[in-house]
Amino acid sequence: MSTPQAIRGTQDIFGAEAEAFAHVVETFERVRKLYRFRRIEMPVFEKTEVFSRSIGETTDVVSKEMYSFEDRGGESLTLRPEFTAGIARAYLTNGWQQHAPLKVATHGPLFRYERPQKGRYRQFHQLDAEIIGAPEPQADVELLVLADQLLKELGIADGVTLMLNTLGDGASREAWRLALIDYFRAVQGQLSEDSQERLERNPLRILDSKDPRDKAFVADAPKIDDFLSGEAQDFFGAVTSGLDAAGVTWTRAPSLVRGLDYYRHTAFEFVTDRLGAQGTVLGGGRYDGLVESLGGPPTPAVGWAAGIERLAMLVGEVPTQQDVEIALVPRGDLAEALALEVFYILRRAGVGAELAYRGSPKNRFEKAKKAMIPRLLDVGSSDGEIGVLLIRDINVAETSPEPVRKRIKDALSQHFVITDPNPEFPRSIHLVRRK
RNA sequence: GCGAUCGUAGCUCAGUUGGUUAGAGCGCCGGUUUGUGGUACCGGAGGUCGUGGGUUCGAGACCCAUCGAUCGCCCCA
């Protein structure tokens, strides 16, 4: 019998990587509460049009990366390739307007049919934070400060920089786009093949190109700053001064653009050079046009998403807190039952205990050592009623074993009478079952 | 979707210009020794060499295809 393989681009996460993954999510949950973003849960799939209408038909994500399929009723559905569109849909269909401005956060799996690479998967996971219904630049600032604090609390802020740009309002962006098309069309033949393609579909993307043939022209390409309306300028100014006031360092990146159609005004990425080609760790921006494209009223909104796998890779080894405090080692068959009883008494009392199911006392002891469990409860028994327990500390450097020892004694004393220890073995505890 | 590198035990790898029963370390299982201990020693299990074809007297090594991983492009978080 052959074993089916996992699907390409999916991952089974275990061990240190799983710990790092959980650490990222837990840190996000903590910081998000601090900033009072409300937790939401979203479906993993939506009607295909939710994404095609909002993200843009011509974008790569929609045109070649979506997992779309017909359900048994003949409806076209799509596994979510991102959070924002679904959240905008939920905002409309659930009447969340009544809570505007609404600050929400979520996390979970997303799906994109891409060539897998390190830090890029077909099922990947993101953190997501959005503010819907707030036209003020302060909303952009709050979101960015949240992102900044998250990275700091994860301990990875040092290698990561905030690249910031504005795309202007709809009119600014369109004027700039046309100017870019004019500019690049004049030199079309000298651009890379990719960029010649991009010229029609998404000319802003040419600015991002890594191809030296393109870079030669990018330097002198029209700048967004020349097309910004006064309002758009003021808006961006308010965002940057807000960041300065909050003590968030940023770098202006005039050629930073976003691939999805719905972005306006603020656009940003937190990037690192420590992940090779997948350098963007968190990205987002303002998407004032999105809710409208789903048939809703004009609704200003900002948001970002961050790749959990990429953050977890930067975090590296997470110091796993020592939650197993004591290992029980029974000696002999009679002690086995007593150990089991003590084991569950301790766990119910909140003491992290471990009991290996099999092996000789020596074997179980070796296991405890290897698992780095700092304390050992040596369970002996001379008959069914009287037990001799001996607490040993494996780690001699342990500064204060007494509090734990006291917690253990307190828990046991509810079920056993603890008699005076034998002076020969001062660390032993003698137990007699309470009637 | 394009280009490149790689795929041998649970893990990390070795395997010489193609040549007998494919190896090591760690891990795992069992045992001996050790009674404040992460020791030492002995033994054991575990591999259709990613998969499928081909070349050859003979393939883990060479060729083709396929699947997967990695790196870059593209895209994006």
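Within every chain, numbering begins at 1; the chains are lettered A, B, ... in the order of the sequence lines, protein sequences first and strands thereafter. Only this structure's heavy atoms are used, side chains among them; waters, hydrogens and symmetry mates stay out. The shown structure was predicted, so the numbers you read here are calculated from the model rather than taken from an experiment.
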Out of [options], which has the shortest distance to the side chain of [X]?
| X | options | value |
| --- | --- | --- |
| Arg115(A) | rU70(B), rA77(B), rC76(B) | rU70(B) |
| Glu65(A) | rC71(B), rA77(B), rC75(B) | rC75(B) |
| Glu114(A) | rU70(B), rC75(B), rC73(B) | rC75(B) |
| Gln117(A) | rG72(B), rC76(B), rA77(B) | rG72(B) |

Provide, to the nearest angstrom, the distance between the [atom1] atom belonging to [X] and the [atom2] atom belonging to [N].
| X | N | atom1 | atom2 | answer |
| --- | --- | --- | --- | --- |
| Trp304(A) | rA77(B) | CH2 | P | 13 Å |
| Arg122(A) | rC67(B) | CZ | P | 11 Å |
| Arg310(A) | rC76(B) | CZ | C1' | 6 Å |
| Arg198(A) | rG1(B) | CZ | P | 19 Å |
| Leu150(A) | rA77(B) | CG | C1' | 13 Å |
| Lys118(A) | rU5(B) | NZ | C1' | 15 Å |
| Glu130(A) | rA77(B) | CD | P | 11 Å |
| Leu207(A) | rC74(B) | CG | P | 13 Å |

Taking any strand in view, what nucleotide pairs with [N] in a Watson-Crick or G-U wobble way, both distances under 3.5 Å?
| N | result |
| --- | --- |
| rC49(B) | none |
| rC62(B) | rG54(B) |
| rU39(B) | none |
| rG72(B) | rC2(B) |
| rA77(B) | none |
| rA24(B) | rU12(B) |
| rU17(B) | none |

Just to be sure I understand the rule, does [X] reach a base, reach only the sugar-phosphate, or reach nothing, if contact means heavy atoms closer than 4.0 Å?
| X | result |
| --- | --- |
| Glu82(A) | nothing |
| Lys64(A) | nothing |
| Arg8(A) | sugar-phosphate |
| Gly284(A) | nothing |
| Phe124(A) | base |
| Gly9(A) | sugar-phosphate |

Hydrogens and angles aside, do [X] and [Y] bring a side-chain donor and acceptor to less than 3.5 Å of each other?
| X | Y | value |
| --- | --- | --- |
| Asp410(A) | Ser413(A) | no |
| Gln149(A) | Tyr35(A) | yes |
| Gln123(A) | Thr10(A) | no |
| Gln11(A) | Glu309(A) | yes |
| Thr93(A) | Arg89(A) | yes |
| Glu130(A) | Tyr91(A) | no |

- Could you tell me how the ring of His107(A) sits relative to the ring of Phe28(A): parallel (under 30°), tilted (30 to 60°) or perpendicular (over 60°)? perpendicular

What integer number of Å spans the [atom1] atoms of [N] and [M]?
| N | M | atom1 | result |
| --- | --- | --- | --- |
| rU39(B) | rU32(B) | C1' | 13 Å |
| rC49(B) | rG23(B) | C1' | 12 Å |
| rA14(B) | rC26(B) | C1' | 15 Å |

- Message: Taking donor-acceptor contacts at under 3.5 Å, does the side chain of Arg120(A) reach the base of rC74(B)?
- Response: yes

